[in-house]
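A quick write-up on the structure given underneath.
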Amino acid sequence: MRRPAEFEHTVRRGVRAGRTALVVHLTTRTDPGPGPVVGFVVSKAVGGAVTRNVVKRRLRELVHARLDALVDVDLVVRATPAAAEAPFLELGAQLDGALATARKRLVSTGER
RNA sequence: UGAGUCAGUCAGGCGGCCGCGUCGAGCCUCCGGGCUCGCCGAGGAACGUCCGGGCUCCGCAGGGCGGGGUGGUGGGUAACGCCCACCCGGGGUGACCCGCGGGACAGUGCCACAGAGAACAGACCGCCUUGGUCCUCGGACCGAGGUAAGGGUGAAACGGUGGUGUAAGAGACCACCAGCGUGCCGGGCGACCGGUGCGGCUAGGUAAACCCCACCCGGAGCAAGGCCAGACAGGGAGCGUCCGAGGGCUGCCCGCCCGAGCUCCCGGGUAGGCCGCUGGAGGCGUGCGGCAACGUACGUCGUAGAUGGAUGGCCGCCACUCGUGCGGGGGAGACCGCGCACGAGGACAGAACCCGGCGUACCGACUGACUCAUCCG
């Protein structure tokens, strides 16, 4: 995900689920382009440039391993300041938890 | 051997699995792109954005005022507020280090607290002369005057030491010293240094307070600037068309030039792509010139260019440092190497147009030169 408009759409319209180190926003894909679309938000509150880059790379790596489960959605992962301190495995567990919660909410709003 | 000073280099290595970006080649394509292979892919500070330049656009008709910056001297440089060498002052036994280092007899302002008195100062105690009163004949008290040698306060008290002098004192006078001004001789490109004569006997600090002097300075910045594609909807108010709005000379004035539109409010639209974009005052080596910064000739190397922003994620082994334990060795000893095992640690920090600096952050490792102390020969 690269366009500011896409970020805005996903964050505002999508369902949300948070953990201590991250927050995920999820929407069903409206225009069926190729592949999953994922964006990351790592603000200055997380840390300096080096810290932000490391956090972003770790999140990218984690999401990459889970891409098969995300073909039908737009996803934005937002890091909180706690993400800077979290170990890699812990970050993965939180991502899985948040994604599961968001999935449930997405299904229930979709049925409504 | 110990303690230290200066200069410089480095910023762990190898491998496995899974990945990312530019470029090149090939193949495929629904022309959006995709796949495979190959090359390359963060730093000494990439950081802060504090100076200086290149580059780009605007301006170039000048003059005056204003504003900003720099501040020992000489050199280096594209340039600098940087660097080198030297001078002066301060610190250190020393190698060396530190200095926001023009002017306080052009003028103005400010010097808290303490203290009697703080800028052409000041009699609180004290010292000295003298008038009066009392007196236990030591002196005490009240008054007039002299005095900056002594005490005490302070960051700073109107030169220091010794003498002459005096009622007591005082550069009042004398010698030497310090300091100021000025002349001469010698050295240095120069800042300045060394020597010597004369003068008046002495002059506080602060200019990162205003200010004065010398020198320097157009404005804005790669979101510069250019090209392509695409979207939309107008309405109102004010000023003005030679009775000159507004704009340029980027703060102001004069002056000059352009000149028919300009400003504000409400409403609406867009924020995509490409170029600029990396070879540059370039790195390294040797020779030559120079104390050095640096310059120069020849040879050689040539490889980041992202744009929600690539250069990584996880793991293993080895090396390094520290701690603990065990083993064994040298030495009289304090202690010093060596081997093995376990545990811990590896900093500061991420290019965004490009260079030259400065400043700041940082676990540490290594190299060279030099200084001081001690011991041995």
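Below, chain A is the first sequence line, B the second, and so on; all start at residue 1. What you see is a predicted model; the values in this text were computed from it and never measured.
Rounded to whole Å, the C1' atom of B:G238 lies 42 Å from the corresponding atom of B:C217. The same atom, P, is picked in B:G159 and in B:A148; the two are 11 Å apart, to the nearest Å. Using atom C1' as the reference point in both B:G305 and B:U270, the two lie 29 Å apart (nearest Å). With both ends at atom P, the span from B:C298 to B:C50 equals 42 Å, rounded to whole Å. Distance noted for atom P between B:C294 and B:G76: 13 Å (whole Å). Look at the C1' atom in both B:U9 and B:G43: the space between them is 16 Å, to the nearest Å. Annotation: B:A168 and B:C128 have their P atoms spaced 10 Å apart (nearest Å). For B:C80 and B:C216, the P atoms lie 11 Å apart once the distance is rounded to whole Å.
Under the Watson-Crick or G-U wobble criterion, with both distances below 3.5 Å, B:A361 has no partner in any strand shown. Base pairing annotation: B:A306 forms no Watson-Crick or G-U wobble pair, as no partner gives both donor-acceptor distances under 3.5 Å. In this structure, B:C376 forms no base pair with any nucleotide, since neither Watson-Crick nor G-U wobble geometry is met with both distances under 3.5 Å. Remark: B:G199 base-pairs with B:C180; criterion is Watson-Crick or G-U wobble with both hydrogen-bond distances under 3.5 Å. With a cut-off of 3.5 Å on both pairing distances, the Watson-Crick or G-U wobble partner of B:U36 is B:A25. The nucleotide B:G345 finds its pairing partner in B:C320, both defining distances of the Watson-Crick or G-U wobble pair being shorter than 3.5 Å. As the counterpart of B:A104, no nucleotide is assigned, since no Watson-Crick or G-U wobble pattern has both distances under 3.5 Å. When both pairing distances are held under 3.5 Å, B:C135 makes no Watson-Crick or G-U pair with any nucleotide shown.
For A:L59 and B:C314, the CG to P distance is 12 Å, given to the nearest whole Å. Look at NZ on A:K56: it is 12 Å from P on B:U307, rounded to the nearest Å. As a whole-Å value, the separation of A:E61 CD from B:U311 C1' is 14 Å. Atom pair A:F88:CZ and B:G19:P shows a separation of 14 Å (rounding to whole Å applied). Rounded to whole Å, the distance from CZ on A:R52 to P on B:G309 is 13 Å. Here B:A310 presents its C1' atom at 10 Å from CG of A:N53, a figure rounded to the nearest Å. To the nearest angstrom, P of B:C20 lies 16 Å from CG of A:L62. Put simply, CZ on A:F40 is 12 Å from P on B:A310, counting in whole angstrom units.
Candidate nucleotides B:G308, B:A310, B:C18 were compared by shortest atom distance to the side chain of A:V41, and B:G308 ranks first. Residue A:H64 has its side chain nearest to B:C18 when only B:C18, B:A351, B:G313 are considered.
Taking the O4'-C1'-N9-C4 or O4'-C1'-N1-C2 dihedral as appropriate, B:G171 has a value within 90° of 0 and is therefore syn. Glycosidic conformation at B:A332 (O4'-C1'-N9-C4 for purines, O4'-C1'-N1-C2 for pyrimidines): anti, more than 90° from 0. Applying the 90° cutoff around 0 to the glycosidic angle, B:G333 is assigned anti. Glycosidic conformation of B:G138: syn, with the torsion inside 90° of 0. Applying the 90° criterion around 0 to the glycosidic angle, B:U278 comes out syn.
Side-chain N/O atoms of A:R58 include one lying less than 4.0 angstrom from OP1 or OP2 on B:C314. Note on A:R57: every side-chain N or O is 4.0 Å or more away from OP1 and OP2 of B:C314.
Looking only at side-chain heavy atoms (C-beta outward), A:L75 and A:L99 come within less than 4.5 Å of each other. Under the 4.5 Å side-chain criterion, counting only non-hydrogen atoms from C-beta, A:L67 is in contact with A:H64. Here the side chains of A:V24 and A:L95 are in contact, with some heavy-atom distance below 4.5 Å. Side-chain contact between A:L26 and A:D74: absent, with no pair of heavy atoms (C-beta onward) separated by less than 4.5 Å. With contacts defined as side-chain heavy-atom distances shorter than 4.5 Å, the pair A:V15/A:H25 does not qualify. Annotation: side chain of A:V76 is in contact with side chain of A:V41 (closest heavy-atom distance under 4.5 Å).
Within 6.0 Å of CZ in A:R66 there are more than 12 heavy atoms belonging to other residues, nucleotides or ligands.
The OG atom of A:S43 lies 8.0 Å from the CZ atom of A:R52; values are rounded to the nearest 0.5 Å.
Here A:V42 lies out of heavy-atom contact (under 4.0 Å) with every strand. At a threshold of 4.0 angstrom between heavy atoms, the contacts of A:R60 are confined to the sugar-phosphate backbone, with no base atom among them.
Where A:G39 and A:T51 each meet RNA chain B at their nearest nucleotide, the meeting point lying more 5' is that of A:G39.
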